[in-house]
Amino acid sequence: MSTPSAAATAANPAAGFYAGIVARSLGLALRLSQSVAPAAATRLALRLFFTPMPFKWAARRRPLPEGWRVEHWPFEQGAMAVYRRARVRAEAHERPVVLLVHGWAGSAHQMLGLADTLDAAGLEPVMLDFPAHGRSAGWRATLPQFVRALWAASARLGPLHGVVAHSLGAVATAHAAANGLPVQRLALLAASPPPALFLQWFARSLGLGEGIPARMG
């Protein structure tokens, strides 16, 4: 299977993300169906767009890092996985809480290095798997759902000393903070582009033309 060239990836940053054989096969099916049943093709494209890829099986099987424990908090129709240091609760309560969140198709494990650094600095790092990511429940997720997950985490943790967020998680964090999320500091890392632009990249990656992203939007 060929991989996208450096020039193609530069012109369309999503090209590498949708280069897997599963995504390419689905793209072929969508191209074949959009001329026959455009409405159905649009619905299928939306389902694919809101499904994190690669799928989360590998993340679910990864062992927990030493010194960390996972909790599952009820969220909407399922539960989301939250990772905390395995320490006495009273000690954790004394430390300022910093929430760390990943981007699209990522997982909390990607934030582990930053979390360990914050822990060594005397803060209380809490890592979150967004819905449909890592060990959290679900198969599909959206940006508004990411925002709601941040509010749900804040309700459990209390006012946050800070949030460290990457990619789409950074966009969700900025949106939540602008609408009153109780947080003192933000560290937004490589925030993702607007959803409308990513829709265009998604369609180009699968060779869907301009019609489907217009209908998807």
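Residue numbers count from 1 along this sequence.
The shortest distance between side-chain heavy atoms of Phe202 and Leu48 falls below 4.5 Å. Residues Pro131 and Trp139 form no side-chain contact, since every pair of their non-hydrogen atoms from C-beta on lies 4.5 Å or further apart. Using a 4.5 Å heavy-atom threshold, the side chains of Met80 and His72 count as separate. Contact annotation: the side chain of Glu124 never approaches that of Glu94 to less than 4.5 Å [non-hydrogen atoms, C-beta and beyond]. Using a 4.5 Å cut-off on side-chain heavy atoms (C-beta onward), Leu118 and His161 make no contact. Residues Trp104 and His133 have side chains in contact (heavy-atom distance under 4.5 Å, counting atoms from C-beta outward). The side-chain heavy atoms of Leu99 and Leu128, taken from C-beta on, include a pair separated by under 4.5 Å. Side-chain contact between Leu157 and Arg84 is present, with heavy atoms from C-beta onward closer than 4.5 Å.
Contact between Ser167 and Gly103 at its shortest, heavy atoms only, is CB-CA, 3.8 Å. Of all heavy-atom pairs spanning Val98 and Leu100, the tightest one is O-CD1, 3.6 Å. Smallest separation of non-hydrogen atoms from Ala105 and Pro52: CA-CB, 4.0 Å. The two residues Gly122 and Pro96 make their nearest non-hydrogen contact at O-CD, 3.9 Å. The shortest heavy-atom contact between His109 and Pro63 is CE1-O, 3.6 Å.
A donor-acceptor contact shorter than 3.5 Å is absent between the side chain of Ser154 and the backbone of Leu150. Looking only at distances, a side-chain donor or acceptor of Thr173 sits under 3.5 Å from a matching main-chain atom of Gly169. Between the side chain of Gln200 and the backbone N or O of Leu197, no donor-acceptor pair lies under 3.5 Å. At distances below 3.5 Å, at least one donor-acceptor pair connects side-chain atoms of Arg95 with backbone N or O atoms of Leu123. Side-chain atoms of His102 come within 3.5 Å of backbone N or O of Phe130 as a donor-acceptor pair. At distances below 3.5 Å, at least one donor-acceptor pair connects side-chain atoms of Arg31 with backbone N or O atoms of Leu206. Formation of a donor-acceptor pair under 3.5 Å by the Asp129 side chain with backbone atoms of Arg135 is found in this model.
With a 6.0 Å cutoff to the six-membered ring centre and a 45° limit on the axis angle, Arg156 counts as a cation-pi contact of Trp73.
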Pair Val82-Val70, side chain to side chain contact (heavy atoms under 4.5 Å, CB included): steps then yes or no: CA-CA 6 Å; Val82 179; Val70 62; over 6 Å; no

Check the pair Arg85 / Asp119 against salt bridge (Lys or Arg N to Asp or Glu O under 4.0 Å), numbers first and verdict last. CA-CA 8 Å; Arg85 294 292 295 179; Asp119 179 62; 3.6 Å; yes

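Note that the CG atom of Leu143 and the OG atom of Ser192 stand 7.5 Å from one another [nearest 0.5 Å]. Rounding to the nearest 0.5 angstrom, the gap separating the CE atom in Met127 from the OH atom in Tyr83 is 7.5 Å.
Under the 4.5 Å side-chain heavy-atom criterion for ILVMFWY residues, a single connected hydrophobic cluster contains both Trp151 and Val163. Linking ILVMFWY side-chain heavy atoms closer than 4.5 Å, directly or via other members, places Leu30 and Leu32 in two distinct hydrophobic clusters.
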